[in-house]
There are 4 protein chains.
Amino acid sequence: MSSARPSVMSSTATTDVEMTEADRPSRLAAGQDPAKRQQILEGANRVFSQMGFDAASMNDITREAGVSKGTIYVYFDSKEELFLELCNHFREILFADIYHALESDGDLREALIEFGVALAGVITSDVVVRAQRVVIGVAERMPSMSRDFYERGPKRGQALMRALIDRHVAAGRLDIEDTELATYQLADLFMSGMFKKRLFGCMEQPPSKELIRKTVTAGVDVFLKAYQR
Amino acid sequence: MSSARPSVMSSTATTDVEMTEADRPSRLAAGQDPAKRQQILEGANRVFSQMGFDAASMNDITREAGVSKGTIYVYFDSKEELFLELCNHFREILFADIYHALESDGDLREALIEFGVALAGVITSDVVVRAQRVVIGVAERMPSMSRDFYERGPKRGQALMRALIDRHVAAGRLDIEDTELATYQLADLFMSGMFKKRLFGCMEQPPSKELIRKTVTAGVDVFLKAYQR
Amino acid sequence: MSSARPSVMSSTATTDVEMTEADRPSRLAAGQDPAKRQQILEGANRVFSQMGFDAASMNDITREAGVSKGTIYVYFDSKEELFLELCNHFREILFADIYHALESDGDLREALIEFGVALAGVITSDVVVRAQRVVIGVAERMPSMSRDFYERGPKRGQALMRALIDRHVAAGRLDIEDTELATYQLADLFMSGMFKKRLFGCMEQPPSKELIRKTVTAGVDVFLKAYQR
Amino acid sequence: MSSARPSVMSSTATTDVEMTEADRPSRLAAGQDPAKRQQILEGANRVFSQMGFDAASMNDITREAGVSKGTIYVYFDSKEELFLELCNHFREILFADIYHALESDGDLREALIEFGVALAGVITSDVVVRAQRVVIGVAERMPSMSRDFYERGPKRGQALMRALIDRHVAAGRLDIEDTELATYQLADLFMSGMFKKRLFGCMEQPPSKELIRKTVTAGVDVFLKAYQR
DNA sequence: AATGAATGAGCTTTCATTCAT
DNA sequence: GATGAATGAAAGCTCATTCAT
């Protein structure tokens, strides 16, 4: 039913899956077929996103992924492990799209805006919002899981941004005492009025490109007015 | 075991509960005794906060609240409704402590800082963080619940802030085109580096008064540098 | 279907169960109603006896006992514990019927025969044979369970017998060097040709009173010819 | 891990298995290769002995036997049939070692002791104890299996013994009315205090040669004192 | 009106068996 | 002919909800 729903894997999964029959080994070892693994993860993603960790049942995932229960348990030891593996995928996606946006060495304002647009786009996307919800929802019972999610995800992005800001401080273009705090401020300014609304379901669709760019630009301008020398 | 844990209701609940026997009507209609209702909500709050919606069992709540299962079902139709009612309580608390902080008419910077400190303190408190986690965790399955939570909670705070800012814009002390966006920016600047960390469990203790004041002050200063005429 | 099958409890259970309604407390604490406990044990006994430990399913027991699954788990923590409790019952039965047979102080031959008849009757009974089969069947995986069963059951009987024999040795009526071994010999002689046949299912019905008495008498005579002074 | 464990087949199996490649037909019909059949039975024996019938999984047997699941199902229709075939093997072993011990024509006492030592040694051995446990454990559900096991095993030994005793009765050296019962008595006296202990796991190691000889000797002496003319 | 014992659907996970390769 | 990945029924157990007391 929810197969039309955007999935974390949808962008990358197909390349593997659509390899021609001839290319594929005729028989793969148990738990070794990446296409099947992908298929399970996609189903699991849809179900977890929709129901949360606890309310998602392995039967739901079975149905949604189109594989048998036994097969899931060959690829993943438990429901929890399946979910953890799913989170790792989220992170890959989250970063792949953002990395290169930080490499621009041109105008500071432009660079920040480009990066902000990329970051805000990812973090407010359906996929990532759902992932964050699930992880936040289990934070009380499985603190290490959500901590990991944050530390390997948002925190790493934060570190990249901070390095960029530090470079501009060193170059004398920015006047900031506490660059850590300033980085957090910038990150929040990127998504002002969007992040929480998305998380709480008050903004049902991901924000449009225009809204994102407008918000990010306004945020960057606040940031620069405050900190630019 | 978790009875020492801070509860949303703890501050207000007891007044009702401790009314002397003599004051109370000798027998109340089923589901009509507000003290018992309160008692159930307190227990439910402790359990939901600790376990999340799904992992919390009605037996846990029974034990924690000290009432029988049947009684809970007289006061609340289902686990889900009990949780919804609980959320309404969160909102009351969330606002009671913040309202008056906005009434100060003195210096703009001072007013914003005082309000920010109050707001950030509440939103990063254990109780409210847990509540937000639970609500976010079920946002996919029960969208109206989390939407309500946000709209009657954060959004209302937002509206109050915006009114204050609008007044200062009108008075010519601030130069802002889009006051809605600016308000979101200010709200996010209040809690930069704290909100997400708390939500994801990366900051285990609520931030200290000092950290809150420092963060809020820095945020207000960024805001004012950007928008003060 | 197997409700007509003799059950360990059948002899004793009914007294409790058939107490008049008036005698019974109107409501018993969870897991505290002895009649219900009995009912579960009876059902479990029938199922375990027929299927063995592993092949018996909790659903089967549920059906056979006429209680719900939840109820069983209120009375017993797990399938294994249910089975262990069942074994304790077997032991009670096993001993209750045998104790007094050892108290006779009259003629040695008569005393031994009476005791042997009681012991052989119990050990070759349907109930006890089934219990032994189940316990032996899990001896490899749950060694402590079967060891316990033997030590608190047969071994204790052995000890009682040995005390009797020791008394007669001390009185000069028997001439035995190794009374431990002699006791084992006597115990085996009581059931020669019956015990193994019953255990392996080669003797489908419990031996008749006559066969038991004949076998025991022959065994006691062999024993006395060998050891009587 | 259990490959060092003594196996019923270990003594006989290898001859078939180690036939050189050259000797073997290059391709056997499905389910027709006796070496492979042997290999499966060996693995199954190790697994069944250790786990009992129910807890043993076909995957365990697959691993232990080093053949694929499909292959097992070519040679044996089901887990149950595999187990039945295994039991037939036990019987062969049980007898091979005992036969010749009965052929001695010399002194009666010596002959009985030699036979008793051989019989008790086999029956209390790890392998045979485990086999008996498994068979007894399923006796209720598969009565014919355990009956067969007993009738073709212990019972046949019983018949051989009885023939020997009958000869001595005929020769006037023994004075026995019921030689069938006497034979059972002798068989039990051979293993007094050892058989049950082994079966219930109370004697963890097989009894030493010395203990066996001592027990058998004591048993034979009781038997002869009772029945020798 | 309040209780909590009882219910049974539904959970995660295992494993005998099949069949495409 | 042999393989082992895939299947799905069924296992032990939990818990939201009901209802006799």
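The chains referred to below are lettered A, B, ... by the order of the sequence lines, with proteins before strands, and numbering in each begins at 1.
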Could you check how far [atom1] of [X] sits from [atom2] of [N], rounded to whole Å?
X	N	atom1	atom2	result
R63(A)	dT7(F)	CZ	P	15 Å
L82(A)	dT13(E)	CG	P	10 Å
I61(B)	dT14(F)	CD1	P	18 Å
I72(D)	dC19(E)	CD1	P	18 Å
D33(B)	dA1(E)	CG	P	12 Å
Y73(B)	dA16(F)	OH	P	7 Å
D77(C)	dT14(F)	CG	P	9 Å
Q39(D)	dA2(F)	CD	C1'	12 Å

The criterion is side-chain hydrogen bond (donor to acceptor under 3.5 Å, both in side chains); which residues satisfy it with [X], sequence neighbours excluded?
X	answer
T71(A)	S68(A)
D77(A)	none
S57(D)	D60(D)

Inset, instruction - Report the residues that fulfil ring pair (Phe, Tyr, Trp, His ring centres under 6.0 Å) with F149(C), sequence neighbours left out, ordered by chain and then residue number. - result: F200(D)
Inset, instruction - Could you tell me which residues satisfy side chain to side chain contact (heavy atoms under 4.5 Å, CB included) with A139(D), sequence neighbours excluded, listed by chain and number? - result: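 A139(D): side chain to side chain contact (heavy atoms under 4.5 Å, CB included) contacts with R133(C), S146(D).
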Legend entry - Partners meeting side chain to side chain contact (heavy atoms under 4.5 Å, CB included) with A56(A) (sequence neighbours left out): V47(A), F48(A), M51(A)
Legend entry - Nucleotide pairing, DNA chain F (Watson-Crick or G-U, distances under 3.5 Å), in dot-bracket with [ ] and |: .||||||||||||||||||||
Identify all pairs in which a protein N or O lies below 3.5 Å from an N or O of nucleotides 9-11 of chain F, and state each distance.
| residue | atom | partner | partner atom | Å |
| --- | --- | --- | --- | --- |
| dA10(F) | N6 | K69(A) | NZ | 3.3 |

Legend entry - Pairs where residues 79-89 of chain B contributes a residue and the test salt bridge (charged side-chain N to carboxylate O under 4.0 Å, His left out) is met, not counting sequence neighbours: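 Output for this query lists R37(B)-E85(B).
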Legend entry - Residue-phosphate contact under 4.0 Å: T71(C) side-chain N/O, dT7(E) OP1/OP2: yes
Inset, instruction - Look at S68(A) and dG8(F) and indicate whether a side-chain polar atom (N or O) is within less than 4.0 Å of OP1 or OP2. - result: no
Legend entry - Modelled atom types, side-chain donor and acceptor of S49(A) and N45(A), under 3.5 Å: yes
